[in-house]
Amino acid sequence: MFSERDFEHYLAKKYMRTEIMPHAFCPGCGLGIIERMILMAFEELGEEEWKRTAFVSGIGCSGWVPLYFRRDAAHTLHGRALAFATALKLSKPDLNVIVVMGDGDSMGIGGNHLIHAARRNVDLTAIIATNMLYSLTGGQMSPTTPQGARTNTTPYGNIEPNFDLMKLLEAAGATYLARWTTYHFVQAKNSIKKAIKHKGFAAIEIVFQCPTYAGRYILGKPDPRDMMDWFKEVSVPLGKAKTMSPEELQGKIVVGEFLHRTDRPEYTEQVYKIIEKAQKKGGR
Ligand SMILES: Cc1ncc(C[n+]2csc(CCOP(=O)(O)OP(=O)(O)O)c2C)c(N)n1
């Protein structure tokens with residue numbers, strides 16, 4: 001019989017650089033679950049899709065996610081992964097380009113690249129791993145830290161409101177948007193599959209457990225299992241959230257597929273049309 005453990009070995013052997021294991025993540029970190037979501041998405045999409053995929057990541061614990069995969073991956077500068085990925089997509093338009101970023105990497109230092117990639121509708125899949133603070137550097141406040149939360153840089157409580165990534169990216173022009181937590185494994189894996197097949201800027205936010213910092217500082221739950229239970233408790237499906245007041249939604253994580261539109265032109269195709277036009281005019 002093919003057990004769950006055999007299946008894990010099969011996935012690891014097929015897709016991962018097991019020679020550089022053990023990995024850098026803390027015990028109980030949710031990034032391993034995100035890795036598995038991505039690999040399961042490809043297991044279902046098939047080898048063709050996997051072989052034409054390249055990964056790009058920024059700096060942060062999340063930036064390590066694709067580096068363990070047996071595919072080309074560029075570990076770029078903090079906040080600049082989307083700029084690099086846009087250039088990669090433009091030079092190799094047939095590639096699936098998947099960008100893995102933390103919440104600080106994408107919405108903090110990389111916020112400008114994020115809104116412009118969405119505005120241009122570049123055909124990229126952004127997987128945004130939100131853990132409510134900066135982990136790699138020791139637990140500082142990020143743009144998704146809840147108001148009032150204690151972090152290393154907000155010892156008396158965070159006074160800043162946090163970004164709602166879904167609203168931000170919808171307004172900027174993204175064409176596929178979903179948010180899940182690591183508790184919603186199957187739904188997140190399905191959204192990743194959809195995003196990879198989608199032509200345009202797709203972003204999936206996955207809220208994951210960082211027991212080392214968010215667990216200890218923000219939630220008072222250093223056990224990752226308690227964090228997973230908390231995700232289950234506070235998650236509200238989008239349909240239900242629409243019937244709830246802002247007060248009722250305080251402290252909740254709204255999950256679901258937020259947007260899927262196909263009416264906006266994709267950037268890479270437009271650039272290639274311009275190149276063709278310019279070449280017809282004699283290269284001027
Ligand atoms: C230009 C620049 N500024 C700051 C840093 C330091 N730095 C590295 S990772 C990081 C934050 C990472 O947080 P996030 O993107 O949320 O990822 P996580 O580690 O939480 O997965 C910071 C501030 C850097 N490497 N480069």
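First listed ligand is number 1; within each ligand, the first listed atom is number 1. Starting from 1, each residue takes its place in the sequence as its number.
Those atoms of ligand 1 with a heavy atom of Leu133 less than 4.0 angstrom away are 16 (O), 20 (O). Against a heavy-atom cut-off of under 4.0 Å, Asp105 is close to the following atoms of ligand 1: 14 (P), 15 (O). Every atom of ligand 1 is numbered from 1 in the order shown, and the set under 4.0 Å from a heavy atom of Leu136 is 9 (S), 19 (O). Contact atoms of ligand 1 toward Gly104: 14 (P), 15 (O), 16 (O) (distance under 4.0 Å to a heavy atom of the residue). For ligand 1, the atoms sitting less than 4.0 Å from at least one non-hydrogen atom of Tyr134 are 11 (C), 13 (O), 16 (O), 20 (O), 23 (C), numbered in the order shown with element in parentheses. In the vicinity of Asp103, heavy-atom distances shorter than 4.0 Å reach the ligand 1 atoms 16 (O).
The aromatic rings of Tyr176 and His198 are tilted relative to each other, their planes meeting at an angle between 30° and 60°.
In this structure, the side chains of Leu114 and Leu168 come closer than 4.5 Å at one or more pairs of heavy atoms. Within the 4.5 Å cutoff, no side-chain heavy atoms of Thr151 are placed close to those of Asn158.
In this structure, the ring of Phe69 has its center less than 6.0 angstrom from the ring center of Phe55.
Under 3.5 Å, the side chains of Thr182 and Gln209 contain a donor-acceptor pair of N or O atoms. There is a side-chain donor-acceptor pair under 3.5 Å between Asp103 and Ser142. If you check the side chains of Tyr15 and Glu35, you find no donor sitting under 3.5 Å from an acceptor.
Neither the backbone nor the side chain of Leu31 has a heavy atom within less than 4.0 Å of ligand 1.
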- With salt bridge (charged side-chain N to carboxylate O under 4.0 Å, His left out) as the test, would you mind laying out the steps for Glu4 and Arg36 before giving the verdict? CA-CA 13 Å; Glu4 177 67 10; Arg36 186 165 172 164; 3.0 Å; yes
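Checking only distances, Cys61 does come within under 3.5 Å of ligand 1, N or O to N or O.
Protein heavy atom closest to atom 1 (C) of ligand 1, with residue, atom name and distance, is Ile109 CD1, 3.6 Å. Counting protein heavy atoms only, atom 7 (N) of ligand 1 is closest to Thr137 CG2, 3.5 Å. Protein heavy atom closest to atom 10 (C) of ligand 1, with residue, atom name and distance, is His78 NE2, 3.3 Å.
Across Cys29, Gly102, Ser62, heavy-atom proximity to atom 21 (O) of ligand 1 is greatest for Ser62.
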